[in-house]
Amino acid sequence: MSQSIKGERILNTQTHKKAEMEKIILVLMLGCCFCVAENNEKGGQNSGSTSSSDICCFTTIAQAVGLLGEKVANMADKMTLLETRLQNSDREVLELRSLIGGTPRVAFSAALRDSGSGNIGPFTTSTPLKYKKFFSNYGDCYNPSTGVFTATVNGVYFFRFSMFNNLSPTPNSVVSLKKNDQLLVSVWDTSGTDSNDMGSNAVVIPLKVGDNVYVELAANRLVYDDGMTYNTFSGFLLFPV
């Protein structure tokens with residue numbers, strides 16, 4: 001229900017309640033008049049004037065009606081205050097819903113291998129790595145068939161990836177995070193006699209609908225992975241713009 005419709009209904013409710021209160025006061029005043037008239041009929045009228053007892057009765061009833069009117073007015077003010085608070089609460093609920101339910105949910109996290117172990121690569125040309133083991137993929141923006149994340153919402157995103165070098169022969173690993181064809185950040189290990197080296201990198205970047213982000217293995221390079229899932233690729237929408 002829209003805020004304008006809610007506001008109109010609340011206004012109509014207040015108007016109706018005010019009219020009902022006015023009717024109650026009017027009925028009480030008419031009752032006073034009938035009471036005085038009945039006293040006059042029973043007791044008779046002398047020289048066309050109202051007796052002192054009638055005046056006293058009317059004054060007492062008028063005071064009671066006035067006091068009742070003040071109480072009714074106070075109740076009306078309290079009801080108006082409560083209705084205003086209710087209207088504000090409805091607006092706050094709508095704002096919270098827009099923040100929670102209205103924001104697109106985009107997040108994914110995946111590892112390179114879903115089974116087996118060994119080197120991936122080398123390829124003769126630079127090739128996007130295809131991360132096949134899913135931890136999450138909210139929004140279905142990441143495609144495991146291509147290894148490419150495609151933005152479906154204009155916004156600011158966070159991405160992170162990790163790399164584990166090949167175990168043999170000599171380490172020869174170079175991977176980069178790219179936006180469309182633009183190089184963003186890289187991790188590499190191409191020398192040394194030690195093994196079991198790994199690294200990671202991350203970025204926060206703006207994306208427009210249709211922009212692609214992926215991790216690319218450089219030409220003639222390798223990475224190693226097994227059931228321990230060393231190589232990962234993750235990202236999520238921080239906020240839309």
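The basis for the numbers below is simple: all heavy atoms, side chains too, and nothing from hydrogens, waters or symmetry mates.
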4.5 Å side-chain heavy-atom contact, [X] and [Y]:
X: N166; Y: V223; value: no
X: K133; Y: T229; value: yes
X: F108; Y: F159; value: yes
X: F161; Y: N201; value: yes
X: V156; Y: V241; value: yes
X: V215; Y: M163; value: no

Does [Y] offer a backbone N or O that forms a donor-acceptor pair with the side chain of [X] under 3.5 Å?
X: K179; Y: P206; result: yes
X: N119; Y: G121; result: no
X: T127; Y: T125; result: yes
X: N143; Y: V148; result: no
X: N165; Y: W188; result: no
X: S162; Y: T232; result: yes
X: N154; Y: V209; result: yes
X: S126; Y: E216; result: no

Between [X] and [Y], is there shared hydrophobic-cluster membership here, with clusters defined by ILVMFWY side-chain heavy atoms closer than 4.5 Å?
X: I205; Y: V175; value: yes
X: V185; Y: V204; value: no
X: L237; Y: L184; value: yes
X: L129; Y: V174; value: no
X: L177; Y: F236; value: no

Interatomic spacing from [atom1] in [X] to [atom2] in [Y] - rounded to 0.5 Å:
X: D225; Y: L112; atom1: CG; atom2: CG; answer: 5.0 Å
X: Y214; Y: N180; atom1: OH; atom2: CG; answer: 7.5 Å
X: S145; Y: K130; atom1: OG; atom2: NZ; answer: 7.5 Å
X: N231; Y: R113; atom1: CG; atom2: CZ; answer: 9.5 Å
X: F123; Y: N220; atom1: CZ; atom2: CG; answer: 11.0 Å
X: L217; Y: S176; atom1: CG; atom2: OG; answer: 9.0 Å

For residues [X] and [Y], report the shortest heavy-atom separation together with the two atoms involved.
X: S117; Y: D226; answer: CB-CB, 3.3 Å
X: P240; Y: V153; answer: CB-CG1, 4.0 Å
X: Y157; Y: A151; answer: OH-CB, 3.9 Å

**Asked** Step by step, would you call D189 with F164 a side chain to side chain contact (heavy atoms under 4.5 Å, CB included)?
**Response** CA-CA 9 Å; D189 183 19; F164 191 87; over 6 Å; no

**Message:** Quiz question: by atom type and distance under 3.5 Å, do the side chains of S109 and S234 form a donor-acceptor pair?
**Reply:** yes

**Prompt:** Would N212 and T150 count as having a side-chain donor-acceptor pair, cut-off 3.5 Å?
**Reply:** yes

**Prompt:** Would you say the ring centroid of F233 lies under 6.0 angstrom from that of Y131?
**Reply:** yes

**Request:** Decide if the gap between the ring center of Y142 and the ring center of F149 is smaller than 6.0 angstrom.
**Result:** no

**Asked** Considering residues, nucleotides and ligands other than Y138, do more than 12 of their heavy atoms fall under 6.0 Å from its OH?
**Response** no

**Prompt:** Within a reach of under 6.0 Å around CG of D181, are more than 12 heavy atoms found that belong to other residues, nucleotides or ligands?
**Reply:** no

